[in-house]
Every structure is written in C-alpha cells, then in structure tokens.
Student: 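Encoded as structure tokens, here's the structure I'll be asking about.
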There are 2 protein chains.
Amino acid sequence: MAGRPGREPRSGGRRPQAKGRGGVPRRTSRTLPRGNREAQEKAIVEAAERVFAGAGFGGATMAEIAQAAGVPKPNLHYYFGSKQALYRAVLERTLREWLEPADCIVATAEPRAALEGYIREKMRLSFTCPYASRVWANELLHGAPELRATLVRTLRPLVRRKAAVIDRWIAEGRMAEVDSRHLFFTIWAATQTYADFAVQICAVLGLAKLDRVAQERATEHVVGLILRGCGLAGSRPGRRK
Amino acid sequence: MAGRPGREPRSGGRRPQAKGRGGVPRRTSRTLPRGNREAQEKAIVEAAERVFAGAGFGGATMAEIAQAAGVPKPNLHYYFGSKQALYRAVLERTLREWLEPADCIVATAEPRAALEGYIREKMRLSFTCPYASRVWANELLHGAPELRATLVRTLRPLVRRKAAVIDRWIAEGRMAEVDSRHLFFTIWAATQTYADFAVQICAVLGLAKLDRVAQERATEHVVGLILRGCGLAGSRPGRRK
DNA sequence: CCGGTAATTGACCAAATGGTCAAAAGTGGG
DNA sequence: CCCACTTTTGACCATTTGGTCAATTACCGG
C-alpha cells in the first residue's frame, strides 16, 4: 500500500555481526582486515550509487548492483543486510558530500567571494559526482521516504544558519534583498540540474556529453546570473564573456 | 542488463484494436462511446501520473495504478497494452503541458514582461501540476530512455527558436548578456525544483506543504532573482519586499 | 428481441527479484 | 597442523509483478 515495495527494516534475524554501520562491534581480536572490509564496503556502495542513480530504488536490482561491484549477490546482504539498508548507506554518503561546500558561507567572509565559491563548488560537484546528485534527487522526487527525518534534523538547521549569514549581509547592505532560504533552493536547483538532468541539457545543446568547455560555460553562466541576481555583480579580475 | 526491467516493447500479440494511441482505427461503426472511452483513458493516465511520480517507473506497479484509477488491472492493458506504453502516454501528456508556456517568448514581446510571464507560468505549473513535473524529472534522471529522441526532435528546436529571440534582445541591448540556452536551464531548474523537490523545500522551511503564501514568496523570489540576473530589474508597480 | 462488437473482469502464469542457507574457503594465533 | 572465526559463494525459496485469457457483461443497430 505504501508505495515502496520492500518490506520493513526488518530487525529480526541475526546475521553474523560485522554490521560496521549500525552497531559498532568492529573487529577486536585478530583478523586485521587487510583494509579489505572497508574496501569491499566502499566498492559496493559506489556500485550501488551508480545503479540506484540509473534506475531508482525500485528499478535497481540487487543482482545488478552485485555485478557492478564485482561481487556475488549474497555479499551485499552480508555487508548491508537489505536493499533498503544499502540504499540508506548510499544516501548517507551523499549527504556528507552535500553539506560540505556550504562551509565557505560564514559571516566573516566577503559576500561575493563566498557565494561565488559556493556556487562554483556546487557546479564542480555536479560535474564530478553526478551519480550522488541523482540518487539524492531521486529520493526527494519520491517523497524522501528514507530521509525526511534527516532533512529536518540536519539540512534545516544548516540552512537556518547559512541563511542567517546571508540575511546579515543583506541587513548590512552588502547585497540585494533576496529571500535567503529561497536563494539556496535556487542555487541548488541551478547547479544540480547539470547533474540530474544532464541528458536533457546535452540533448538541447546537441552534445554527447558535457565536455570541459560546456562545463565552464555553464559555470560562468550560473555564477554570473545568480551573483547579478544578488546584486553582487561588478568588475572581476577574471573572465566574463 | 539494460537497467529498465520490463521486457521490450513487444509488438507481438494482437489484442482487440482500439489502440487509440498508436494506430488510429478509432471507432467507425456504432458504439458511440458515450465519451466513456476517453474518460477512462484520461482517468488511467492521471492515476498513472500520480503513481509513477511517487515511485518511478520501476517502483510503480500496474496493480497500484489500477487501484488508483479505480479500474481492474486488465483494463490498463486493454487500453494501453503495456506498462511502458502507459508510461509513454503519461510522458507525452506532460510534454505538451511543458512546452506551452514558452509561447509568450516572442521577438515582438517586451523582454521583461515576456520572461516574467514565462517564469510565473512555470512556477504556477510547478505548484498546480507537481506530478507531471516529477514524472518528467524522473525520466530525465534515469537517462531518458523513453524520450531521448523527443528531446532532440522537439525540445531542442523549440529552445533554439526561443534562444534566438533572447539573443536578439541581448544584441539590441535590451537585456544583460546571458547565455540564452543556459538561461532556460536555469529557469526550468529554479521553477521546477518547487515541484520536484517539494519535500526538501518544505522540510527546510518547516512547512507541511507549500501554502499560498509560500508559493507567492517563492514566485517573487525566483522572478526577482532571475530578472535581476538578466539585467531586467527595475521599478515594478507590484510588490517587492 | 437478436446478434455482433466493445468493454469488463476474475483467475492464472511465467519470469524476475529480494532474500536465505549451508557448505566451502580464507585467515591467523596457539 | 588445528581451531575459531570471518568471508565468500552457489543453489535455492517465497513473493511480487507484468502480462494473458477466456468468460461475462454492456451496448446498439436491425
């Protein structure tokens, strides 16, 4: 009835500990893992990211992920327990990557440099890690069943803090009056569209893929448009046109 | 191997004509359908739109769609043949809705009024038809397996035409120098984010849903930011602040 | 009221899929 | 070399799911 097919989190069943995710038993005695364990988990999560990005939660199959990761299917369950848990691991990984770029938005920074840096970093992420962006987008698109709580607990406070910085800049007359929270929505949208909807962009531009040149052009466009929108245009030493 | 699970288009099997989609046999003899046929198709497509939007192609099930439409499952196949065909019908429907607002961007129009109207219409659509936007987004997100051809054949020419109009306005010095095609990407992204990622926006804003007030605020923000970014700001009779 | 067509529907099916298991293969200390 | 433990796998389910069918019901001209 819910929508997402998979059964519930399922806590029953023991399965040799080795969670490494939830509980933190970690190896204690011997068997130094040669770093193999983490390497395996990483390989699986990365493969899962690609597959989930390409087909969504429902469309992705464990068999496909296993193949992409180069391990037999039962290993996925050995390491992550269930499809849902693996999916969640992918999302957590993305979230960390996601929040980081906002670090440059601090009250002591210079508005234009800070915003420009933020936007450029977001654009860079869109080009270099499109899969992560797509998994995230897919999750939101379908109502964020897995991370609605995270949005409220983690993203909201972060935006509140960063928006406060923007509001202060505005109050000090250092940039135009924009709605600081909606500004973030617009920046996220404008930048991540190059990851999420790359096919559409390529199709419209008539490119097979977004090459270096196209990436630069896109970046300059977004940076320019938004900075101007924020009243932060002006002579920059760098390029422009 | 492909990704999308469903088997291929499958042309085999006859199934009583009544395609109504591909071939155009349409009713010829008697049986004036009381308008029932189209009503049924419409109900099914609308239900499918909701379900596909909520779970993606892979996650949606025909049974769910049937239930949402209030008809038994075989009817879906009777009217649309396959899950893929139904999905395609939903996408086609969306495309039409999608292209329409661009009508207001014509060379004879006044730049600011035209762009503002376009953005406002896009925002309105995001708020009133979020499902359509989400299905479309989902399709793009997963590589547009179903409509890559459509993007190139329909969307690309449209953007080419509209971008030419913008370029002309720029050449005439009536607006700032922006990359006209990327401007469309940004507008689409900034507006549709309110449909596609509504959960995230609500979570950040601390709202249960985007009420009228939030919608207006969002609209004014996007309109203001982009117009300013295009060098089209200026005294408007209306609001601001 | 009859006959043929369109539409409806409950019952079914083969394939795909998430998940399980038990046996096998490493691994390293004693 | 043995033992306790972790990993790795191939084989195997139970369920779900897209799709099919044959039978039934509505519909309408004659």
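Sequence lines set the chain letters: A, B, ... in the order given, protein chains first and strands last, and positions in each chain run from 1.
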Student: Could you give the CD-to-P distance, from B:Q67 to D:dG18, as a whole number of Å?
Tutor: 13 Å

Student: Does A:E121 reach the side chain of A:C104, with side-chain heavy atoms less than 4.5 Å apart?
Tutor: no

Student: Just how far, in rounded Å, is P of C:dG19 from CZ of A:F80?
Tutor: 14 Å

Student: Determine the contact category for B:A60: base if any of its heavy atoms lies under 4.0 Å from a base atom, sugar-phosphate if only primed atoms, P, OP1 or OP2 are that close, otherwise nothing.
Tutor: sugar-phosphate

Student: Output all residues satisfying ring-ring contact (aromatic ring centres under 6.0 Å, His included) with A:F197, sequence neighbours left out; order by chain, then residue number.
Tutor: none

Student: Taking the side chain as every heavy atom from C-beta outward, state whether A:R88 and A:F80 have any atom pair closer than 4.5 Å.
Tutor: no

Student: Atom CD of A:Q84 to atom P of C:dG19: distance rounded to whole Å?
Tutor: 8 Å

Student: Could you tell me whether the side chain of A:F185 reaches within less than 4.5 Å of the side chain of B:Q200, counting heavy atoms only?
Tutor: no

Student: Round to a whole Å and report the spacing from CZ of B:F52 to C1' of D:dT17.
Tutor: 13 Å

Student: Roughly how many Å is it from CD1 in A:I65 to C1' in C:dA16, rounded to a whole number?
Tutor: 15 Å

Student: For DNA chain D, please output the secondary structure as dot-bracket, reading 5' to 3'. Pairs are Watson-Crick or G-U wobble, both atom distances under 3.5 Å; mark crossing pairs with [ ], other-strand partners with |, unpaired with a dot.
Tutor: ||||||||||||||||||||||||||||||

Student: Quick test of your reading: applying salt bridge (charged side-chain N to carboxylate O under 4.0 Å, His left out), list the pairs with at least one residue in residues 201-214 of chain B, sequence neighbours left out, ordered by first then second residue.
Tutor: none

Student: Below 3.5 Å is the cut-off: list the nitrogen or oxygen pairs between protein and nucleotides 8-10 of chain C, distance only.
Tutor:
from  : atom 1 : to    : atom 2 : distance (Å)
C:dT8 : OP1    : B:Q40 : NE2    : 3.0
C:dT8 : OP2    : B:Y79 : OH     : 2.6

Student: Report the residues that fulfil salt bridge (Lys or Arg N to Asp or Glu O under 4.0 Å) with A:R160, sequence neighbours left out, ordered by chain and then residue number.
Tutor: none

Student: Which residues pass the side-chain hydrogen bond (donor to acceptor under 3.5 Å, both in side chains) test with A:Y131, sequence neighbours left out?
Tutor: none

Student: Between B:Y87 and B:E139, does any side-chain donor sit less than 3.5 Å from a side-chain acceptor?
Tutor: yes

Student: Using whole Å, report how far NE2 of A:H77 lies from P of C:dC21.
Tutor: 12 Å

